[in-house]
Amino acid sequence: MLQVATIKNNLDKYVNGLQKRGFKGAEELLNDVLTLDENRKRIQGELDEVLHESNKIAKEIGQLFKQGKKDEAEKAKTRTSELKQKSKTLTEELNGIETSLTKHLYNIPNIPHESVPVGNTDEDNELVKLKDKNIPNLGDHKKPHWDLIEEYDIVDFELGNKVSGAGFPFYKKQGARMVRGMINYFLDKAAEAGYEEVQPPVVINEASGLGTGQLPDKEGQMYHMEANDLYLIPTAEVPITNMYRDVILKQDELPVKHTGHTPCFRREAGSWGSHVRGLNRLHQFDKVEIVQVVEPEKSYEVLDEMVSHVENLIKSLGLPYRILRLCAGDLGFTAAITYDFEVYSAAQEKWLEVSSVSNFETYQANRLKLRIKNKEGKKELAHTLNGSALALPRIMAAILENNQTGDSIKMPEVLHPYLGFKEITRR
RNA sequence: AGAGGCGUGGCAGAGUGGUCGAAUGCGGCGGUCUUGAAAACCGUUGUACCGCGAGGUACCGGGGGUUCGAAUCCCUCCGCCUCUGCCA
């Protein structure tokens, strides 16, 4: 969430930033926010005065009772009724303004970093790096992964349909082992890079959803359990980042680096089509996430560090990949900048997004009330960042397709120790 | 799930209607002393908002209520503990 004071001091910058995103009516909305804030201050001031007055009288009454001057005390009571009425009115007015103000702020996205390219759709995303030399020539054996998984019996969508529904597959045999192996590999690599492992809950409350910005923006995209008013997490970002909600970090606790594996649940409402097949899009998938909380001055340096961590992971798996800097229009609600990683899946001849790494600057921290106490003892909002390292199903799809030989599917060497086999075979 | 108890500042722990933003201890910070450190002693030490400032307001798990006045009384929600029950 943006800070009112910052909006006020940088109105043009914020208007431009939102317009860059294609956000309609930015100027009007921001002006509304400023007006609401002005009103808030004014009413708060009036209320404070009224409360001051009635506090004073209440104290006097206390004194009078103590001195046994009951009559005078009773008389003083009558003076407060008008004040009470006034404070009630003002409080209601204030609550109304504050509700409206937060609602406005909740619905304003982050503004893009200056390096974010202009654009409206994914076609305007900027290609930062392309490593496609190792795209295999599959020749005669060029089966998409949805055929391969049936042939080798490693993922079962039918079974998933029966037990849960579409988009909830069973991984079987060497497929199940592959999932477990990749999770362990990714977690080990994150640990090597200094990320402390956590295993967070996979359900979150409303406050956490608001904290990282999934709510109210993505309300309809999360599974909601009404009986308990809890949500299934769409990413480990939510529980892990919310570990630091209402926290003031000391300098020596920084940087905060966490990694965690969780299943991720997404309703993907409205995003299904004929182009979505196999592992390309699921309602439940596994992901290893990396999260950092850092000082503002260091966040862009840290962003680069996270980008290269993800890049090294993909490289180590031997997959062709490209890195994109998302254009303003394609940027997530809370992000100031995002790098997407895509791997090339050679049989379906498609680039698949497998990671996105983002800097949220103070946007989440402001909602989370996540602050840093700096050397001078002053508190400032932290910067939060996160990235997928990595999301599994599409990685799996690319490995299966790119490494098929006709008789087997070769596994990347780095995974061998994690799998207990070097290739997937028909059995 | 049922019964009972509890939820106070970084921590521990007083406080059952006014003088309480809150005793006391520990911890933290500053100082005295010391070659240095410890101990001892002195001082200081919550957060947010408004205001140039003086100062004001709010906050004792969350929300609501009673009252001139609430940490204190009532309602409700959440959480924790104990016992009973149930169950990975």
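What you are looking at is a predicted structure, and each value in this text was computed from that prediction instead of being measured. Naming: A, B, ... by sequence-line order, numbering from 1 per chain.
Residue Arg79(A) contributes atom CZ, which lies 19 Å from atom P of U67(B) at whole-angstrom precision. Between the C1' atom of C59(B) and the CD atom of Gln44(A) lies a distance of 12 Å, rounded to the nearest Å. Glu53(A) places its CD atom 13 Å from the C1' atom of G56(B), with the value rounded to the nearest Å. Summarising the geometry, the separation between CD on Glu49(A) and P on G51(B) is reported as 13 Å, rounded to the nearest angstrom. If you take CD of Glu74(A) and P of G18(B), they are 17 Å apart, rounded to a whole angstrom. Atom NZ in Lys373(A) sits roughly 10 Å away from atom P in G10(B) (whole-Å rounding). Look at CG on Asp229(A): it is 15 Å from P on C77(B), rounded to the nearest Å. Asn228(A) places its CG atom 15 Å from the C1' atom of G79(B), with the value rounded to the nearest Å.
Note on Leu51(A): only backbone sugar-phosphate atoms sit closer than 4.0 angstrom, heavy atoms only; bases stay farther off. Within the 4.0 angstrom heavy-atom criterion, no nucleotide atom of any strand lies near Lys59(A). Using a 4.0 Å heavy-atom cutoff across all strands shown, Arg371(A) reaches sugar-phosphate atoms only and no base atom. Among the atoms of the strands shown, none is found under 4.0 Å from any heavy atom of Lys250(A).
The nucleotide whose nearest atom lies closest to any side-chain atom of Ala58(A) is, among A58(B), C68(B), C50(B), C68(B). Considering only side-chain atoms of Lys379(A), the nucleotide from U57(B), C50(B), A48(B) that sits closest is A48(B). In this structure, the nucleotide among G56(B), C49(B), C68(B) sitting nearest to the side chain of Lys84(A) is C68(B). Side-chain proximity of Phe65(A) to U47(B), U57(B), C68(B): nearest is C68(B). Of the listed nucleotides (C50(B), U57(B), C68(B)), C50(B) has the atom at the smallest distance from the side chain of Lys41(A).
Going from the C1' atom of U66(B) to that of A70(B) covers 10 Å, rounded to whole Å. C77(B) sits 23 Å from C59(B) when the P atoms are compared, rounded to a whole Å. C49(B) and G36(B) have their C1' atoms separated by 46 Å, with the value rounded to a whole Å. Across the C1' atoms, A22(B) and C60(B) are found 8 Å apart, a figure rounded to whole Å. C81(B) and A40(B) have their C1' atoms separated by 40 Å, with the value rounded to a whole Å. Going from the P atom of A88(B) to that of G65(B) covers 45 Å, rounded to whole Å. Across the P atoms, C68(B) and U76(B) are found 24 Å apart, a figure rounded to whole Å. Separating the P atom of G9(B) from that of G62(B) is a span of 10 Å, rounded to the nearest Å.
Looking at Lys77(A) and Glu74(A), a side-chain N of the basic residue comes within less than 4.0 Å of a carboxylate O on the acidic one, giving a salt bridge.
Taking the centre and axis of the six-membered ring of Tyr152(A), the NZ or CZ atom of Arg426(A) falls inside the cone set by 45° and 6.0 Å.
Contact between the side-chain N/O atoms of His52(A) and the OP1/OP2 oxygens of G56(B) is not found at any separation under 4.0 Å. A sub-4.0 Å separation between OP1 or OP2 of U57(B) and a side-chain N or O of Asn55(A) is present.
Judged by Watson-Crick or G-U wobble contacts below 3.5 Å, the nucleotide A40(B) has U32(B) as its partner. Across every strand in view, A12(B) sits in a pair with U24(B) that passes the Watson-Crick or G-U test at under 3.5 angstrom. Remark: C68(B) base-pairs with G18(B). Criterion, Watson-Crick or G-U wobble with two distances under 3.5 Å. Nucleotide G7(B) is matched to C78(B) when pairs are restricted to Watson-Crick or G-U wobble geometry with both distances under 3.5 angstrom.
Residues His258(A) and Tyr195(A) keep their aromatic ring centres 6.0 Å or farther apart.
When the nearest nucleotides of RNA chain B are assigned to Gln63(A) and Lys77(A) by heavy-atom distance, the more 5′-ward of the two goes with Gln63(A). The residue among Arg40(A) and Gly62(A) whose nearest nucleotide of RNA chain B lies closer to the 5′ end is Gly62(A).
A ring pair (Phe, Tyr, Trp, His ring centres under 6.0 Å) with His113(A) is found for exactly one of Tyr363(A), Tyr339(A), Tyr300(A), namely Tyr300(A).
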For Glu401(A) and Lys143(A), run salt bridge (Lys or Arg N to Asp or Glu O under 4.0 Å): C-alpha distance rounded to whole Å, both residues' side-chain angles, the deciding distance at 0.1 Å, then the answer. CA-CA 7 Å; Glu401(A) 291 185 13; Lys143(A) 290 184 179 164; over 6 Å; no

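Between Ile61(A) and Ile57(A), the closest side-chain pair of non-hydrogen atoms falls below 4.5 Å.
A donor-acceptor contact under 3.5 angstrom links the side chains of Asn205(A) and Ser208(A), judged on distance only.
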